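For reference, the structure is listed below as structure tokens.
For ligands, and for the atoms within them, numbers begin at 1 and follow the listed sequence. Residue numbers start at 1 and run along the sequence shown. Just so we're clear, the structure is a prediction, and the values are computed from it rather than from any experiment.
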Amino acid sequence: MFLRTILSASALLFTSVFAQTACNNSPSLCNKAYNNVTYLGTHDAAFLRDASTNFNTAGNQFYNATVQLSAGVRLLTAQVHKYNSTSGPIEWHLCHTTCSLLDAGTLESWLGEIKTWMDANPTDVVTVLLVNSDNASGDILGEQFNSSGISRYAYTPPSSTTLPKTWPTLDNLISNGTRLMSFVASMSTPSASYPFLMDEFTYLYENSYENESPSEFSCDPNRPTNLDAQTAKSSGRMFLMNHFLYSTQLFGIQTPNVTYTNVTNAASGAGSLGNAIQNCTSVYSKPPNFVLVDFFNVGPAIQAVDNANGVTSAQGRKSVSTALVDETASRSAGTRSTGSVLAVIVAVMAAVGFSM
Ligand SMILES: *[C@@H]1O[C@H](CO)[C@@H](O)[C@H](O)[C@H]1NC(C)=O
Ligand SMILES: *[C@@H]1O[C@H](CO)[C@@H](O)[C@H](O)[C@H]1NC(C)=O
Ligand SMILES: *[C@@H]1O[C@H](CO)[C@@H](O)[C@H](O)[C@H]1NC(C)=O
Ligand SMILES: *[C@@H]1O[C@H](CO)[C@@H](O)[C@H](O)[C@H]1NC(C)=O
Ligand SMILES: *[C@@H]1O[C@H](CO)[C@@H](O)[C@H](O)[C@H]1NC(C)=O
Ligand SMILES: *[C@@H]1O[C@H](CO)[C@@H](O)[C@H](O)[C@H]1NC(C)=O
Ligand SMILES: *[C@@H]1O[C@H](CO)[C@@H](O)[C@H](O)[C@H]1NC(C)=O
Ligand SMILES: *[C@@H]1O[C@H](CO)[C@@H](O)[C@H](O)[C@H]1NC(C)=O
Ligand SMILES: *[C@@H]1O[C@H](CO)[C@@H](O)[C@H](O)[C@H]1NC(C)=O
């Protein structure tokens, strides 16, 4: 009996000393509070510029959610739209501005892809942020979380209207099986049936996302409106730092500035992600909680995030090319017609002032 106790005690010691589990790719993050970590986020994570979309220039990422997560991305964002189906029930799709421009399929299937990844990666905390473009109710969105199966991982905050004073550590979230954080921008009324859906601006603030030149990057709060830096800081909200550039083409069409991404996503240098993290860290006395980038693999953006977290030897990531994907090669192999039709649609949208 006594021996057995000693044996199991040493087994426990062995486990904790020699087989340290990584949380979000590093043991050093396990005992940090959820709001004390910097997460790499993919802006418009579902909108791909790859063969599946015929290299649609409205796409913001070269690689899908599975590849993003495996490479270290821990926040994924997308826009949810009501899908105008000609027959059958209403569907909720991830569409870029409109479903005729870029339709990435149903919210349910995308959440299912993330859930599958989480099944296989049990020590990772993942955050999803949905832009609620057509004002879907919390019940509608919650149903998609439920039917995809991902709701089994969802964390429910103590209050849907008040910020918590402290957030659980990554370890707590992992051991409690509640390692999915779900934010919606915005939700007019929290859902009683799906209390895990959190209204983004109750818990977070963001800087401006509408930048065309590195000189426009700012740490100032932009949403929610009427929040200055001091108030944002003392409110206890988490900070989501947008860091990507648009480029305005002929007819005022806005697309991601893809050619400059190697500078924008770099760990250091003028206009870089690393530089912006440093700037905003000095404004808010702590690094941003989330940084949101286009074409996350370029830079690679994860380097600046590791620096912010003090992570030097990340574990269990799959590497992904840091290059821009060369669409010209693939374009010439495929048809160009989709591209031209899209260009016309983009032009029409630009005329009414959309951006992506
Ligand atoms: C947050 O991180 C700082 C710096 O590592 C540390 O001093 C502080 O105790 C942490 N707080 C929580 C709640 O994890
Ligand atoms: C994601 O991309 C990878 C690499 O291209 C591919 O193997 C995988 O099938 C894709 N997954 C989904 C769910 O589309
Ligand atoms: C659905 O159709 C309406 C009316 O034609 C239009 O205003 C809306 O933008 C369409 N929604 C999407 C997601 O395409
Ligand atoms: C969104 O929908 C809710 C009902 O679910 C409604 O009360 C609210 O006014 C709507 N907001 C907008 C901006 O349409
Ligand atoms: C873990 O889950 C239990 C039951 O849902 C809850 O009471 C507890 O507060 C959770 N712990 C943390 C750290 O979130
Ligand atoms: C979510 O789905 C489960 C079955 O998978 C069901 O038991 C539960 O009632 C659903 N939750 C809601 C709020 O509908
Ligand atoms: C991308 O941004 C850089 C830096 O502002 C600028 O020099 C370049 O012209 C932009 N490219 C496009 C296509 O807008
Ligand atoms: C970014 O890519 C351009 C074009 O390939 C190259 O000239 C430039 O040196 C690169 N900049 C950085 C910071 O890697
Ligand atoms: C960082 O702040 C400096 C000084 O205000 C500014 O010149 C620079 O453009 C900022 N860089 C970024 C990426 O925000």
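Side-chain contact check for Thr77 versus Val131: every heavy-atom pair is 4.5 Å or farther apart.
For Arg223, the side-chain contact (heavy atoms from CB on, under 4.5 Å) partners at least two apart in sequence or on another chain are Phe201, Glu206, Tyr209. Scored by the salt bridge (charged side-chain N to carboxylate O under 4.0 Å, His left out) test, Asp139 finds no partners at all (sequence neighbours excluded). For Ser147, the side-chain contact (heavy atoms from CB on, under 4.5 Å) criterion is met by Glu108, not counting sequence neighbours.
Only the side chain of Val67 comes within contact range of ligand 2, with a heavy atom under 4.0 Å; no backbone atom does.
Classified by interplanar angle (parallel below 30°, tilted 30° to 60°, perpendicular above 60°), the ring pair His93/Tyr83 is parallel.
Atoms of ligand 2 found under 4.0 Å from any heavy atom of Glu113 (numbered from 1 in listed order, with element): 12 (C), 13 (C). Of all atoms in ligand 2, listed by their number and element, those nearer than 4.0 Å to a heavy atom of Asn64 are 1 (C), 2 (O), 3 (C), 8 (C), 10 (C), 11 (N), 12 (C), 14 (O).
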Any protein N or O within less than 3.5 Å of an N or O in ligand 7? List each pair with its distance, or say none.
unit_1, atom_1, unit_2, atom_2, d
ligand 7, 2 (O), Asn257, ND2, 2.3
ligand 7, 11 (N), Asn257, OD1, 3.4
ligand 7, 11 (N), Asn257, ND2, 3.1
ligand 7, 14 (O), Ser247, OG, 3.1

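Side-chain contact annotation: Asp199 with Thr202, donor-acceptor N/O pair under 3.5 Å present.
Side chain of Asp294 to backbone of Phe244: no donor-acceptor contact under 3.5 angstrom is found.
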